[in-house]
> 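Below you'll find the structure I mean.
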Amino acid sequence: MVEQQERTINLNIDPDKLAAYNLSVAQVKRAVQAQNIEIPGGRIDEVRRELVLRTMGRIEHAEDFNNLIVGNFQGRPIMIRDVGYAENGVVEPRSLARLDGENAVQLIVKKQSGTNTVDIVDRVRARLGQFRSVLPPDIRTEVIVDQSRFIRASFEEVKFHLILGAILVALTVFLFMHDWRSTLIASVAIPASIISTFTLMRAIGFTLNNITMLGLILAVGIVIDDAVVVLENIFRHIEEKHEPARSAASKATREIALAVMATTLSLLVIFVPLAFMAGRVGRFFQSFGVTVAFAVAVSLLISFTLTPMLSSRFLRVKHADKSSKESRFYSWIDKSYGWILSWSLSHRSTVVIAGLITVLATIPLFYAIGKNFVPNDDQSEFEIIIQTPGGYTLAETDNLLRELEEKIRRLRGVTNTLTTIGDTTGNVKPGQGDVTSANIYARLVDLSRRDYSQFDVMADARQLFQDYPDLRVSVQGVSSFTGGGIRQTDLEFNLRGPSLEQLQQYSDKIMARMREVPDVVDIDTTLSVRQPELRTMVDRKKASEFGIQIQDIASTLEEDEEYDVWLRAVKQKRNDPQAVMNLTVPGNNGQLVKIANLVNLREDLGPSQIDRYNRQRKVTIVANLLPSLPLGQAVETIQGFVQELQLPPTYTADFTGRAKILSETATNFVIAFLLSFIFMYMVLAAQFESFLHPITIMLALPLTLPFALFSLIMLRQPLDIYAMFGLFMLFGIVKKNGILQIDYTNTLRTQGMERDQAIIEANHARLRPILMTTLMLVFGMLPIALGRGPGAASRASMAKVIIGGQALSLLITLLITPVAYSLFDDLGRGQALARVKEKAGSWGEALWGRVAQRYHHFRANGRLGRRP
């Protein structure tokens, strides 16, 4: 609660009157503590009952404190009314809230960890609706900061993308097969798999949030894969081999069952390492991966049961003059691919070299791409964290904030402003807290009603504060993790060492270099040696002569007591630093001694706080980044600045916050990626009963990575955790093509077909399902990649990775698998070694022939055997 008024009893004491009655502040304090108590005693046992004794000393009314005896002077008791007065008042305010220029009381509700934000907000709103009926008519309640608003809008946008993606995926089937029955049969797999996934999500406690819905959108383009591959094979048997629908459904499903099972199981195992990833990002990966994995598992069951059953009952293929593969659209693709494949098998070395160059391009592309933790979303709201100069009173800070919030309200698109001064954590006791900390929350019009971004308005706000160089300002978005009112900067950098002064010098140099980078803004440090303080320098010798301890002096100078009853000097006697010099403290013989005889006052500046980490002093440098500068690039730049300082061994520098999480995420991602490769190989080896075929299939995986990174660079999209989602899914999806190619190649070879002919025939047969599944995934991702609604920035990076990696790498992956298959087959049969020997022999004969020719030439010219 901000700006709530805590009821209290204020005892206002005049120090001059205390001195006149030969009383000290300590005596008054002890009297209040001793005489305002209620203590239970023993009990009285009667014959038939017992009574409990209780000493009733609690003062119940404020005016009764005036009669409280605090001492004696010349034989008569001295009461509070003789040295001051008691009042029924409130605790001195140390916070303030204002909504759109009007005074307000701000209630901040924070949810517990593990609870649902939308559910909590709905319950709080319902409770507020009950309270409105009992509030006075001139008081209104209004919800200003509401995290569920962005969540709901983003969720509605995701649902729209889910439906649109499903429609595009279904239309892809019709594009290739020209049959509406096939389109409907394949489309059934989408709702069947997605709805079934809700069962597992509910069982393990997952909610429908942006992460799980993102997984479901991605699953739309994947769950239909198995059904389409089975359906296309059934359709091919009916159309090309003129088999009955029921027989074709059974035979075609058995024929392709191994490939479909290998595809699905190898996709499932990549999610096993995700379930054990640690840290905050591990929570993202876990819910995302488990959701997609279950949807894919259900799709396998559907492709082996529901799809063949529907095909056997409802699939009717018309045997026309031309088959669906002989359409102008598909026949051109099929013929072009057939020509390129034949050329590749004849020039295998060229294809291998092209593949190696593509894989090696990953290294420069990885260093060229920017790295980020979470993309910045336009949430139609932002906040400004303000720190006024040290020593500002609440009134002075309020006057400054009134001026600033008026300027913020005039910015384009701002509909509401909520100003808060003081602590908002709820951890500070009444009457305490820093009144130099303030926050201005600004809400903007909805994203659909403006043609400029939230970040443009934030840039305008930063321009306003250039006229206030004494303020320490951070213009930032409202954090989805911690809520508002807390400074959550994009970049946090720690300097640790033994000397606070040296740390300040190093931090000043680093911040000076950071200000040279245009995209680094709101640069500040947690070291604040600016809090004005009145230092009491005690003359220990004089204090010892009077028998006065340092603790007695400090207790006398203490302004108030943190009880329901506050003991304070009257206002006119505590508004001057020199007034404390007139206070008295009792000596060892009861004589009162003025503070002025014992201490000297000196005004100075001191740190508002001193941070430590691992028992070392620490200074944290914080800054925000413009959207054009990725976090990873900013970290590298600042690391260069630190290296220029050549810090001594006793001083260390490290990153915390988002930069640290980004580093941990990259490490965990690499580990999970390697484990997924191992699990994938094990599944494929078990399915194909071969150690060589899995390698052939997985050779296509590293070829997709450079294309995925290249697409991000071209689209100016940094590599963030959502893009990592996309990379993980890409590795699981791409090897699907190789499985279909190799499985049918092996099938044809077992039927007696020659190897190269089997390769060409198998790739022609599997080209259509490969193209269909690839385009379905791309079309399923298009609404996300092109979306402009709430949360679009977070989802777009994942979609762009998948689209770029799938589309750009499709041709070379379709070629590298058959080429690698033929090379490994030669190697397995020893033909490769024979060809190497044959080549070496022909090269040796040619070289020896050349040497012999030159020998005979020199001999014929008489150049051999002569001495110079």
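Only a predicted model underlies this, so the values are computations on that prediction, with no experimental measurement involved. Heavy atoms only: backbone and side chains are in, while hydrogens, waters and symmetry mates are out.
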> Under 30°, 30 to 60°, or over 60°: which ring-plane class applies to His693 and Phe688, parallel, tilted or perpendicular?
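If you compare the ring of His693 with that of Phe688, the planes turn out perpendicular.
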> With a 6.0 Å cut-off on ring centres, are Phe677 and Phe673 close enough?
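Phe677 vs Phe673: aromatic centres under 6.0 Å.
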> I'd like to check Thr291 versus Phe206 (side-chain heavy atoms, cut-off strictly below 4.5 Å). Are they in contact?
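A side-chain contact under 4.5 Å exists here.
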> My understanding is that only one of Thr745, Val260, Ile770, Thr817 makes a side chain to side chain contact (heavy atoms under 4.5 Å, CB included) with Leu740; could you say which?
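Of Thr745, Val260, Ile770, Thr817, side chain to side chain contact (heavy atoms under 4.5 Å, CB included) with Leu740 is met by Ile770 alone.
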> For Phe366, does the CZ atom have more than 12 heavy-atom neighbours from other residues, nucleotides or ligands under 6.0 Å away?
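No, because the 6.0 Å sphere around CZ of Phe366 holds 12 heavy atoms or fewer from other groups.
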> Rounded to the nearest 0.5 Å, what separation is found between the CD1 atom of Ile816 and the OH atom of Tyr821?
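One gets 16.0 Å once the value is rounded to the nearest 0.5 Å.
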> Does Val298 reach the side chain of Val223, with side-chain heavy atoms less than 4.5 Å apart?
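The answer is no; the side chains never approach within 4.5 Å.
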> Distance from Thr813 atom OG1 to Gln806 atom CD, nearest 0.5 Å?
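Reported to 0.5 Å precision, the distance equals 7.5 Å.
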> If we only count heavy atoms from C-beta on, is the Phe710 to Ile369 side-chain gap below 4.5 Å?
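A side-chain contact under 4.5 Å is absent here.
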> With distance as the sole test, does Ser193 use its side chain to make a donor-acceptor pair with the main-chain N or O of Ile190 at under 3.5 Å?
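No: the side chain of Ser193 does not pair with the backbone of Ile190.
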> Without swapping roles, check the side chain of Asn233 against the backbone of Val230 for a donor-acceptor pair under 3.5 Å.
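Between the backbone of Val230 and the side chain of Asn233 there is no qualifying donor-acceptor contact (under 3.5 Å).
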> Between Leu699 and Leu703, is a side chain to side chain contact (heavy atoms under 4.5 Å, CB included) present by the stated rule, with each step listed?
CA-CA 7 Å; Leu699 282 177; Leu703 292 173; over 6 Å; no
> If we only count heavy atoms from C-beta on, is the Met680 to Val683 side-chain gap below 4.5 Å?
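Heavy-atom side-chain distance check fails, nothing below 4.5 Å.
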> What verdict does the side chain to side chain contact (heavy atoms under 4.5 Å, CB included) test give for Met776 and Ile224, after you've listed the backbone C-alpha separation in whole Å, the side-chain angles of each residue and the deciding distance to 0.1 Å?
CA-CA 8 Å; Met776 284 189 296; Ile224 197 174; 3.5 Å; yes
> Measure the shortest side-chain to side-chain distance between Val635 and Phe493 over non-hydrogen atoms and say whether it is less than 4.5 angstrom.
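Answer no - side chains too far apart.
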> Any donor and acceptor pair, going by atom type alone, linking the side chain of Ser336 with main-chain N or O of Ile333 inside 3.5 Å?
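Such a contact is absent between Ser336 side chain and Ile333 backbone.
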> Under a 3.5 Å distance rule, please check whether Gln741 uses its side chain to pair with a backbone N or O of Asn763 as donor and acceptor.
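The answer is no, because no donor-acceptor pair under 3.5 Å joins these two groups.
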> Please lay out, stage by stage, how Thr307 and Ile302 fare under the test side chain to side chain contact (heavy atoms under 4.5 Å, CB included).
CA-CA 6 Å; Thr307 301; Ile302 291 173; 4.1 Å; yes
> Got Thr489 and Glu492 here, is their nearest side-chain heavy-atom distance under 4.5 Å?
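They are in side-chain contact.
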> Going through the checks in order, is the side chain to side chain contact (heavy atoms under 4.5 Å, CB included) test met by Ile802 and Leu727?
CA-CA 7 Å; Ile802 294 177; Leu727 285 177; over 6 Å; no
> Once you round to the nearest 0.5 Å, how far does CG of Leu709 lie from CE of Met714?
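Between Leu709 CG and Met714 CE, I get 11.5 Å after rounding to 0.5 Å.
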> Would you give the length of the straight line joining atom CG of Leu814 to atom CD1 of Ile340, rounded to the nearest 0.5 angstrom?
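It comes to 10.0 Å.
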> Could you tell me whether Arg450 and Asp378 have a side-chain N and a carboxylate O separated by less than 4.0 Å?
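Yes, this pair counts.
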> Looking only at non-hydrogen atoms, find the nearest pair between Ile760 and Ser342 and report the distance.
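Heavy atoms only, the tightest pair is CD1-OG, 3.9 Å.
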> Is a donor on one side and an acceptor on the other found under 3.5 Å between the side chain of Arg462 and the backbone of Val475?
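Flag set: sc Arg462 to bb Val475 pair under 3.5 Å.
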> Give the ring-plane orientation class for Trp343 versus His347, where under 30° counts as parallel, over 60° as perpendicular and anything between as tilted.
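Ring orientation, 0 to 90° scale: parallel.
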> Would you say the side chain of Lys371 lies within less than 4.5 Å of the side chain of Leu631, judging by non-hydrogen atoms?
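The answer is no, as the side chains (C-beta and beyond) never meet within the 4.5 Å cut-off.
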> Just by distance, with hydrogens left out, do Ser380 and Asp446 show a side-chain donor and acceptor under 3.5 Å apart?
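Absent: no donor and acceptor within the cut-off.
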> Can you check whether Leu625's main-chain N or O pairs, donor with acceptor, with Asp490's side chain at less than 3.5 Å?
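Yes, because the side chain of Asp490 sits within donor-acceptor range (under 3.5 Å) of the backbone of Leu625.
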> Ignoring hydrogens and geometry beyond distance, is a side-chain donor-acceptor pair present between Asp519 and Ser628 at under 3.5 Å?
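Looking only at side-chain atoms, Ser628 and Asp519 do form a donor-acceptor pair, the distance falling under 3.5 Å.
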> Mind checking whether Met201 and Phe294 have side chains closer than 4.5 Å, heavy atoms only?
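A side-chain contact is absent here, since even the closest heavy-atom pair is not under 4.5 Å.
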> Examine distances only and state if a side-chain atom of Thr212 and a backbone atom of Thr207 form a donor-acceptor pair shorter than 3.5 Å.
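Yes, Thr212 side chain to Thr207 backbone: donor-acceptor pair under 3.5 Å.
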> Is there a donor-acceptor contact under 3.5 Å from the side chain of Thr264 to the main chain of Met261?
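Here the side-chain-to-backbone pair does not exist.
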> Compare every heavy atom of Leu258 with every heavy atom of Gln687, then report the nearest pair and how far apart it is.
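Smallest heavy-atom distance, with atoms named: OE1-CD1, 3.2 Å.
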> Tell me if a side-chain donor or acceptor on Tyr330 pairs with a main-chain N or O of Leu175 at a distance below 3.5 Å.
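Between the backbone of Leu175 and the side chain of Tyr330 there is no qualifying donor-acceptor contact (under 3.5 Å).
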> Is Arg768 positioned over the aromatic face of Phe176, cation under 6.0 angstrom from the ring centre and no more than 45 degrees off axis?
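No.
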> If only side-chain N and O atoms count, and only distance matters, is there a donor-acceptor pair under 3.5 Å linking Ser331 with Asp334?
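The answer is no; no qualifying pair exists.
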> Between Asn624 and Asp522, do the side chains contain an N or O donor and an N or O acceptor separated by less than 3.5 Å?
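Asp522 and Asn624 do have a side-chain donor-acceptor pair below 3.5 Å.
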> Do side-chain atoms of Thr774 reach the backbone of Leu771 as a donor and acceptor pair under 3.5 angstrom?
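No, the answer is negative, given that no donor and acceptor are paired below the 3.5 Å cut-off.
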> Which residues pass the side-chain contact (heavy atoms from CB on, under 4.5 Å) test with Met514, sequence neighbours left out?
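So Met514 forms a side-chain contact (heavy atoms from CB on, under 4.5 Å) with Leu491, Ile510, Val520, Ile523, Ile621, Ala623, Ile638, Phe641.
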